[in-house]
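Structure record follows, encoded as C-alpha cells.
Note that these values count all heavy atoms, side chains included, but never hydrogens, waters or copies made by symmetry. In what follows, every chain begins at residue 1, and chains take the letters A, B, ... in the order their sequences are listed.
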Protein chains: 2
Amino acid sequence: MSLEHECISLVPLFDQLTHEDKKTIESIVHQHHYQPGETIFSAGDSLDALMIIASGQVKVYQLAENGKEQLLYLLQTGDFEGESALFSQATRQSFGEALLPTAVCQIERSDFQKLMMQYPSISINLLNEFGNRLSKLEKRTTQATTSSIESRLADYLVETAAGMQVTTFKLPLKKKDLATYLGTTPETISRKLKDFEDQGLISQGGGKKITIEDGDALTLIN
Amino acid sequence: MSLEHECISLVPLFDQLTHEDKKTIESIVHQHHYQPGETIFSAGDSLDALMIIASGQVKVYQLAENGKEQLLYLLQTGDFEGESALFSQATRQSFGEALLPTAVCQIERSDFQKLMMQYPSISINLLNEFGNRLSKLEKRTTQATTSSIESRLADYLVETAAGMQVTTFKLPLKKKDLATYLGTTPETISRKLKDFEDQGLISQGGGKKITIEDGDALTLIN
DNA sequence: CGTATTCTTGACCGCTCTCAAAACCCGTGG
DNA sequence: CCACGGGTTTTGAGAGCGGTCAAGAATACG
C-alpha cells in the first residue's frame, strides 16, 4: 500500500467516496518529507495546497508583533491543514514546523476545488471539521481571557489524558511550546505543576511524565 | 419586497444562485423578531437552524465555568450564525442576545443540508466564511495570550474605525461588553482610554464618541 | 426632572512575567 | 560504562500589570 494511499484513507474527509473515486484522488496527491526542526510553511507564503499529515507531528504557530510565539495547533497523523481556508486569504498567517520526522501529502488548490464541486460530501465533511475547530478555538479564547493559568493548565492535563484514554502520559510538547499554547511561560508551568503535585492532584515522573491522581479536583480548579 | 427576500439577498452565501433558485429558498425561510435584551438562543439548545440577521444587532457570548462572560461575536445585518457548524455538535455552546430590535431569518437544518447538496457553491461560500472566522479568531487568540490589554484595545479602536472608514465613531458596545470582548474589565478600559487621550492618540466626546488622532501611533503600541 | 444604569476614579492586592542562576536530562563520544 | 556538553527545566527574588471593591459622577431614558 503506497503512502499516497495512506493519506486518503487517513482523513475522514473522503470517507463517503467509493474505492474507485479514492484511487482517482490518490493520483493527484504529492508527497513531501521533513526533518525535525524543519519549517514546512511560513506566514506570507501563498496558500496553494491542502496538506495532510501522513506521519509525524507538526506545530502550527503565529508570531505576534512583539515577536512572541503562539502555538495554535499540534497536528498529528491524519490531521490536515489548509490554513483557515483554501479559498479566502491567499496568503498564510501562520508557521508550520516539523517536530518529528514528518511526511505530508499535498493536494493542489485547483485540484481540490474541482473535487469539491464534484463530490459535495467532501465540502460537508470539511465544514464539519471547520465547525469543530471553530468551537474548540472559541472555547480556548474564552478560557484564555476569563480563566487563570492554573485553570487552563488543569484543563489541558485532563483533556490530554482523556484524549489518550490513560491517566499516565508523557507531555507531547516541550514546556516552552506548551507555554505558548496556554499563553504563559515555561517557568509558570513548572510552578503550577509543582503546586498540583503538592496538592496531590498529579504526580510527576522524570522526563515529562505525568500521572493524573485526581481528575475531578483538577476539573474543578478555577 | 418581503423581508424574507431581504435575507437571501443580504448574505453572500447565495450569490451564485439564479433568481429562480433564490425564490425557491425564500419559500423555506422563517422569520422571528426580538426585542433588545431578549435571548435568541442559549447554550444547551439544540442547533437546528441557520440564522441570518435581517436587521438589528446580536451579541454572541459564552460563559466560562467561573461565570465570566466572553463576547465572541457581534452580529450585524447580513451576518449569519449556525453555531460553528450546522453539522457537528448538535447542541449550542453559546448564547445570543438582541441588543437592538432584531429580525432573524431561519432556515431549518434539514432544508439547508438539502440546499448544500444541490448547490455546491453554497458550501464553498460557507467554507470561505468559516475560514475567515477561523483566521480572525486565531488572531484574537494570539493577541489575547501574547499582547497587553493596551495593545488589544488600541488594535480594536483602529480596526473599528477602519471598518467604518471614519476617524470619529461611537463605540457600538457598552464598555462592559467591550470589556468581555477584549478579555478585561470596564474599569481598565476607562483607564486605558484616558491614557490614550493624555498621550494625544485619541480624543473622547460625550457618550462613547471617540476620535482617532494618531492611528499610526496606536498601531505601534505593544 | 427623577431614577436607574453605566462610567469613572481611587486604593489596594495578587497573579504572573522577567531576569538570572542552579539543577537536571539526555545523547554523544571517549 | 562513564564523563561531557547543550538544551531544557526548575527555583528564587523582584516588579508591574491589571483585577477587585467601593464610592462618586455622568449619562440615558421615560
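Neither OP1 nor OP2 of D/dT8 sits under 4.0 Å from any side-chain N or O of A/Lys176. The shortest distance between the side-chain N/O atoms of A/Thr188 and the OP1/OP2 oxygens of C/dC17 is below 4.0 Å. For B/Thr184, a side-chain nitrogen or oxygen approaches OP1 or OP2 of D/dG19 to under 4.0 Å. Residue A/Ser148 has no polar side-chain atom (N or O) positioned under 4.0 Å from OP1 or OP2 of C/dC15.
Distance from the side chain of B/Lys68 is smallest to D/dG19 among D/dT10, D/dA22, D/dG19. With C/dC7, D/dT9, D/dG19 as the choices, the nucleotide that has an atom nearest any side-chain atom of A/Lys174 turns out to be D/dT9. Among the nucleotides D/dT9, C/dA11, C/dT6, the one closest to any side-chain atom of A/Lys208 is D/dT9. Listed nucleotides: C/dT16, D/dC21, D/dT11. Nearest to the side chain of B/Glu187: D/dC21. When the nucleotides C/dG10, C/dT8, C/dT18 are ranked by their closest atom to the side chain of A/Arg191, C/dT18 comes out on top.
Spacing between atom CG of B/Asn66 and atom C1' of D/dG19 amounts to 13 Å, rounded to whole angstrom units. Rounded to an integer number of Å, the gap from A/Ile189 CD1 to D/dT11 C1' is 16 Å. Taking atom CD1 of residue B/Ile149 and atom P of nucleotide D/dG16, one finds them 18 Å apart after rounding to whole Å. Regarding A/Lys209, its NZ atom lies at a distance of 16 Å from the C1' atom of D/dT9, rounded to whole Å. Taking atom CG of residue A/Leu193 and atom C1' of nucleotide D/dT8, one finds them 14 Å apart after rounding to whole Å. When the C1' atom of C/dT6 is taken as reference, atom CD of B/Gln204 falls 14 Å away, rounded to whole Å. The interatomic distance linking B/Lys170 (NZ) with D/dT27 (C1') rounds to 11 Å, in whole Å. Note: CG (A/Leu182) to P (C/dT16) measures 12 Å, nearest angstrom.
B/Tyr61 and B/Phe95 have parallel rings, their planes meeting at less than 30° on a 0 to 90° scale where 60° marks the start of perpendicular.
Interatomic distance, B/Glu138 CD to A/Thr141 OG1, rounded to the nearest 0.5 Å: 9.5 Å.
Closest heavy-atom contact between A/Leu63 and A/Glu69: CD2-CA, 3.9 Å. When all heavy atoms of A/Arg152 and A/Gly183 are compared, the closest pair comes out as NH1-O, 4.1 Å. For A/Gly78 against A/Val11, the heavy-atom pair with the smallest separation is O-CG1, 2.9 Å.
DNA chain C is contacted by both A/Ser147 and A/Gly207; A/Ser147 maps to the nucleotide lying nearer its 5′ end (nearest heavy atom per residue).
Between C/dC13 and D/dG24, the distance separating the two C1' atoms is 22 Å to the nearest Å.
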